[in-house]
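Single-structure report; data block below.
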Number of protein chains: 2
Amino acid sequence: MRQMKLDNFDRQLLNLVQADSSQTTERLAEQVALSPSAIQRRLRRLREQGVIVRETALVEPKEVGRPSFFVVSLQVERERPELLMQLRKWLEAEPRIQQAFYVTGEADFVLVVTAPDTETYDALMSRLVSENPNVSRFTTNVALGIVKRGLTIPVPLASENSD
Amino acid sequence: MRQMKLDNFDRQLLNLVQADSSQTTERLAEQVALSPSAIQRRLRRLREQGVIVRETALVEPKEVGRPSFFVVSLQVERERPELLMQLRKWLEAEPRIQQAFYVTGEADFVLVVTAPDTETYDALMSRLVSENPNVSRFTTNVALGIVKRGLTIPVPLASENSD
DNA sequence: GGTGAAAGACACCAATG
DNA sequence: CATTGGTGTCTTTCACC
């Protein structure tokens, strides 16, 4: 059931709504060579099929109290499956964990964390280690600046080459 | 001009639209104790003031060709201001660079990169180093799995404590 | 892909604190 | 006097052909 067949119309559409999901179907129809009705039906399908997961507003950190951002590398005691699952759920449930990747290399997880200040961040990480016994160590990189911030996945058209 | 004064209505609204920006003003009005008209005016203001930067659709990687994700640490030859600026612009312009943080610690930048496959990723990083002479070294962590993916910044209400 | 009905957003309104 | 909730109009979406 995975790996939907997406034609180039779908792919164009995905690129457009990733850039701006507030566009009307009419405006989208101008950019993709389709009628508004067709756009509508495709968008509904893409949402129902889970290709489009959700639509969100991006807020400017400067405007909401200048929160800090941290990139955190986690080392976990390898391999206790239940504890690993618990950690994943913990990360998912914690709103200040924006992103969590399970990675190769020296670290096991890389997190992107946001917090209003360093104290809150410290408290959060203290809770993380105390409530997840398999987390053996972590290193923090404080973000001094954000050059770019997005989740857009470029969707290549079928006719295009990969690069 | 920065650091807008946001009351608790604005803050609630920001939390709601970060979770789901496709809600109607009427549905938002049910959750915030305001009329649809008030919600509308506030949303427009938040957009105009740049508190809400843009609205985007989040797509499921599994459904668009299972692209890979990489967390990259960049070391740059410190300090050649013009080259640093050039690097920032390069990162911004490159669609496969999802996020770029300027950080403290051993690395200077941390990137989150997406690419359809490892070859494309390699080619991208080759271009990065060849077109940015100040990038001295980088280390790659391949994401084996994504536990969580979002950009939501929790906006605390004025009456609430930080934690 | 087009068309008519329903829903939602937008531009004004007087009212309120 | 800024901000609210309400009303009419226009736009956009939705369901059906």
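Note that the structure is predicted; figures quoted are calculated from it, not measured. All values below were derived from every heavy atom in this structure, side-chain atoms included, with hydrogens, water molecules and symmetry-related copies excluded. Reminder, nothing fancy here: chain letters follow the sequence lines and each chain counts from 1.
For B:R11 (side chain) and B:L6 (main-chain N/O), a donor-acceptor pair under 3.5 Å exists by modelled atom type. B:T120 contributes no side-chain N or O that, together with a main-chain N or O of B:P116, makes up a donor-acceptor pair within less than 3.5 Å. Within the 3.5 Å criterion, the main-chain N or O of A:S22 finds a donor-acceptor partner in the side chain of A:D20. Without hydrogens or angle criteria, B:D7 side chain to B:D10 main chain gives a donor-acceptor distance under 3.5 Å. When atom types are taken as modelled, the side chain of A:E60 and the backbone of B:G50 share no donor-acceptor pair closer than 3.5 angstrom.
For the pair B:F9 CZ and D:dA2 P, the computed distance is 19 Å after rounding to whole Å.
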Validation: residues 136-147 of chain B side-chain donor-acceptor distances under 3.5 Å, sequence neighbours left out:
from: B:S136; atom 1: OG; to: B:Q75; atom 2: O; distance (Å): 3.1
from: B:T140; atom 1: OG1; to: B:Y121; atom 2: OH; distance (Å): 2.6
from: B:N141; atom 1: ND2; to: A:T104; atom 2: O; distance (Å): 3.2

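Applying the 6.0 Å contact sphere to CD of B:E106 captures no more than 12 heavy atoms from other residues, nucleotides or ligands. For B:E26, the CD atom is loosely surrounded, since the number of other residues' heavy atoms within 6.0 Å does not exceed 12.
Residues from residues 12-21 of chain B that place a heavy atom under 4.0 Å from any atom of DNA chain C: there are none.
For the pairing with B:Q99, the side-chain hydrogen bond (donor to acceptor under 3.5 Å, both in side chains) check across A:Q99, A:K148, A:R149 returns one residue only, A:Q99.
Rotation axes derived from the C1' atoms of the five outermost pairs at either end of the helix from C:dG1-D:dC17 to C:dG17-D:dC1 lie 30° apart, to the nearest 10°.
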* Steps toward side chain to side chain contact (heavy atoms under 4.5 Å, CB included) verdict (B:F109, B:V103) -> CA-CA 6 Å; B:F109 286 92; B:V103 298; 5.9 Å; no
Side chain to side chain contact (heavy atoms under 4.5 Å, CB included) between B:V71 and B:V110, worked out:
CA-CA 7 Å; B:V71 180; B:V110 175; 3.9 Å; yes
Per-nt protein contacts along nucleotides 5-16 of chain D (heavy atom under 4.0 Å; B base, S backbone sugar-phosphate only, - none) come out as BB-----SSB--
Are any protein N/O atoms closer than 3.5 Å to N/O atoms in nucleotides 15-17 of chain C? If there are, list each pair with its distance.
none

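Among residues two or more places apart in sequence or in another chain, the salt bridge (Lys or Arg N to Asp or Glu O under 4.0 Å) test is passed with B:R88 by none.
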